[in-house]
Amino acid sequence: MKTQARFACQECGALAPKWAGRCEACGAWNSMVEELPRAVPPKGLGAGGRRSGHLDFVALRGETAGPPRLLTGIAELDRVCGGGLVPGSTILVGGDPGIGKSTLVLQAAALIAAGGSDAAYITGEEAIDQVRLRAERLGVADTPVRLASAASVRDIMAALDDKRAPDLVVIDSIQTMYLDTLDSAPGTVSQVRGAAQELIGLAKRRGLIVVLVGHVTKEGLIAGPRVLEHMVDTVLYFEGERGHQFRILRAVKNRFGATDEIGVFEMSDRGLVEVPNPSALFLADRSNAETEPGEEGGRTAGAAVFAGIEGTRPVLVEIQALVAPSLLGTPRRAVVGWDSTRLAMITAVLDARCGLSVGANDIYLNIAGGLRIVEPAADLAVAAALISALTETPVPADTVVFGEIGLSGRVRPVAHAEARLKEAAKLGFAEAWVPLRPAGQGARLARTGEGLATVAIGHLSELVARLPAAPRRRVQPAGARRFAAAP
Ligand code: TYD
Ligand code: MG
């Protein structure tokens, strides 16, 4: 049978019979690379084929204990994994180059080894000396981690696929691994998939934990962790802004626990340090700003504290907005840590339903501390920051805000209101601007958020009314015009 050459997109994994400059599936340019087709399944697997095999069906209920778990000792990592690492599972740790993946997995391997388990670290990317230097720096050089430099999956299998297999194997990174049975270069989709398949098989057969490190990349020739997501048990993304110390480990898939759980770390000169109370960290800059001289009352307009939920944990963050007259044709939008489509929707609702003219201005929106928020519950806080920036009226410093905004301007209730209020009360906030709850639930809210006064906001225009345009307090620099709220 004539084998057909196939081309695989290195971005999304789509296959095409012919080369194309642009992937039809995801639109990426120059991402198609020729790869050998996989083996065709043998004939006769279908209805008319052999009937020798059979399946053992069992009942859903059975004598099955929850999976045993190996604790790394890094509480933030254990929690993101659903309460420890599950033997026999494969964990993918993805993230931009230089974000701290190698640091995290080396720290985890060292702690596991120090705890009496057998941990191996296989580096295909860095030289042994580089890893040793890092271990030295992290203060874990004396832990009994088995370190090896290898890139051939055949070598790794030969060394590990027996009874003396370690409890944990770190592969740093999957993009450097290759199978000599495949023709394509390391890092291509088929190599990354093939190598991962072998290692996942190893994890299942020997009941060991495999941690795969994978770079997220925009370049065509290196296949990113995306193509592995469906194969592994757990997918963790390590993210953060380059200039910030904070690193956030996010579970986007977990067969053994909840997703959307985050772990917060701080990159220090001695590696990653856990941050058990992220709210305090994300609001730290804020308390500094309040003591800064020069601003009247110590508060700046254009900021609102959002009471968010990340996974199971409430996290308070400051949302900052800057609204400036647009001098050139199309107003500029720069958004960090929040969805720009959602911002466009909120500005449109503010303009159409509340009679403001926010949309015509340049808008800069930033989530302080490098956190990325995906919850629609942040809508109301974003709107508060925008209105505050526009009217130059600060949101009261002891106030948190949350609520989802509909296209009509109505503010809709969000989940976990109690947890949000509790966290805000714990951190000394006195007031919360929250969605109007259906009758009967309002009382419950007021009780749980002890020490916290809740202000129910039913429509966005009520928020606008709370932040009226401030009288001019300062002389504007020449040339600067401010847009105030329309009456
Ligand atoms: P690394 O773990 O090598 O990133 P990745 O594997 O994701 O590519 O770490 C990258 C950065 O972390 C590097 O630029 C230096 C910094 N770093 C520290 O600030 N402190 C430390 O203790 C270590 C080991 C690294
Ligand atoms: Mg690395």
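For ligands, and for the atoms within them, numbers begin at 1 and follow the listed sequence.
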Could you tell me which non-hydrogen atom of [X] sits nearest to which non-hydrogen atom of [Y], and how far apart they are?
X	Y	answer
Leu111	Thr72	CB-O, 3.1 Å
Trp19	Met32	NE1-O, 3.0 Å
Asn254	Cys81	ND2-O, 3.1 Å

Should [X] be counted as touching ligand 1, given the test is an N or O pair under 3.5 Å?
X	answer
His215	no
Glu126	no
Leu138	no
Pro97	no

Considering heavy atoms of the protein only, find what lies nearest to [atom] and give residue, atom and distance to 0.1 Å.
atom	result
atom 16 (C) of ligand 1	Met267 CE, 4.0 Å
atom 23 (C) of ligand 1	Arg137 CZ, 3.9 Å
atom 22 (O) of ligand 1	Gly271 N, 2.7 Å
atom 10 (C) of ligand 1	Gly98 O, 3.2 Å
atom 6 (O) of ligand 1	Ser102 OG, 2.7 Å

_With a cut-off of 2.8 Å, does Ser102 put an N/O/S atom close enough to the Mg ion (ligand 2)?_
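It does: Ser102 brings an N, O or S atom closer than 2.8 Å to the Mg ion (ligand 2).
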_When you measure from the heavy atoms of Ser268 to every atom of ligand 1, does any distance fall below 4.0 Å?_
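A heavy atom of Ser268 does come that close to ligand 1.
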*Is the closest heavy-atom distance from Gly100 to ligand 1 below 4.0 Å?*
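The answer is yes, since Gly100 has a heavy atom less than 4.0 Å from ligand 1.
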Is a side-chain donor or acceptor of [X] paired with a backbone partner of [Y] at a separation under 3.5 angstrom?
X	Y	answer
Glu198	Met157	no
Arg372	Ile248	no
Arg247	Phe238	no

Is a salt bridge present between [X] and [Y], judged by a nitrogen-to-oxygen distance below 4.0 Å?
X	Y	value
Arg313	Glu310	no
Asp161	Arg205	yes
Glu229	Lys253	no
Arg420	Glu375	yes

_Does only the side chain of Lys101 get under 4.0 Å from ligand 1, or the backbone, or both, or neither? Count heavy atoms._
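Both backbone and side chain.
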Atoms in ligand 1 flagged as close to [X], the criterion being non-hydrogen separation under 4.0 Å:
X	result
Arg270	22 (O)
Asp269	22 (O)
Arg134	1 (P), 3 (O), 24 (C)
Thr103	1 (P), 2 (O), 9 (O), 24 (C), 25 (C)

*Name of the residue among Gln175, Gln130, His215 meeting side-chain hydrogen bond (donor to acceptor under 3.5 Å, both in side chains) with Glu125*: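 Exactly one option meets the side-chain hydrogen bond (donor to acceptor under 3.5 Å, both in side chains) with Glu125, and it is His215.
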*Let me see the working for Asp362 and Ser326 under side-chain hydrogen bond (donor to acceptor under 3.5 Å, both in side chains), right down to the final yes or no.*
CA-CA 5 Å; Asp362 289 348; Ser326 182; 3.1 Å; yes
*Does the protein put a heavy atom less than 4.0 Å from atom 13 (C) of ligand 1?*
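Neighbour list for atom 13 (C) of ligand 1 is empty of protein heavy atoms (cut-off 4.0 Å).
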*asked:* If you scan the protein for heavy atoms around atom 18 (C) of ligand 1, do you find one that is closer than 4.0 Å?
replied: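 Within 4.0 Å of atom 18 (C) of ligand 1, protein heavy atoms are found.
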